S.K.: 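Let me begin by handing over the structure; questions about it come next.
Worth saying up front: this structure is predicted, and the values here are computed from it rather than measured.
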Amino acid sequence: MLIKSGFYIIFCGIAGGAVAAGYVAFITLLGVFEKISEKYKASKYVKNVELLIILGVSTANLIQLFQLKIPFGIPGFVIYNFFGGIFTGCLAGALAETLDVFPIISRRFNIRDYWPYIIVIGALGRAIGNVVEALLL
């Protein structure tokens with residue numbers, strides 16, 4: 001039984017590492033880190049940001065794998081969702097910018113004047129979805 005558990009832990013660790021590496025490679029390919037470092041003039045810290053993303057993704061894999069409950073309360077919940085929203089927004093923005101989604105959609109549907117409202121509605125929808133998901137779990 002001990003050997004079986006050991007192999008299971010090793011297999012899951014390798015699989016989680018592969019998923020984390022693939023995810024980080026995908027966001028690196030989109031240019032999220034470079035765009036953020038350009039905006040904040042911090043290009044010398046890109047490697048540190050990439051390392052932190054890898055550690056965060058790997059930690060999240062372990063937390064989900066072992067179904068750990070982390071009791072941070074309401075303040076932790078707010079902070080978690082705040083940073084999760086920032087990360088998701090950066091990822092979505094980088095993907096959309098890479099694929100030139102916004103200019104194409106705004107031309108086709110003639111909605112250039114409504115983009116600020118659409119972005120706020122999307123952010124509110126994401127926040128409400130996170131709250132509902134957390135309350136149901």
S.K.: Hey, what else clusters with Leu51 if you join Ile, Leu, Val, Met, Phe, Trp, Tyr whenever side-chain heavy atoms sit under 4.5 Å?
M.R.: Leu55
S.K.: May I ask you to list the residues sharing a hydrophobic cluster with Ile74, side-chain cutoff 4.5 Å, ordered by chain and number?
M.R.: Val78
S.K.: Applying side-chain contact (heavy atoms from CB on, under 4.5 Å), can you list everything that pairs with Phe72, at least two apart in sequence or on another chain?
M.R.: Ile70
S.K.: Is it true that Phe109 and Tyr114 fall in one hydrophobic cluster, defined by side-chain heavy atoms closer than 4.5 Å?
M.R.: yes
S.K.: Test of understanding: with side-chain contact (heavy atoms from CB on, under 4.5 Å), list the residues that count as partners of Phe7, not counting sequence neighbours.
M.R.: Ile3
S.K.: Which residues pass the side-chain contact (heavy atoms from CB on, under 4.5 Å) test with Leu68, not counting sequence neighbours?
M.R.: Ile63, Phe66
S.K.: For Phe82, give me all partners under side-chain contact (heavy atoms from CB on, under 4.5 Å), at least two apart in sequence or on another chain.
M.R.: Ile86
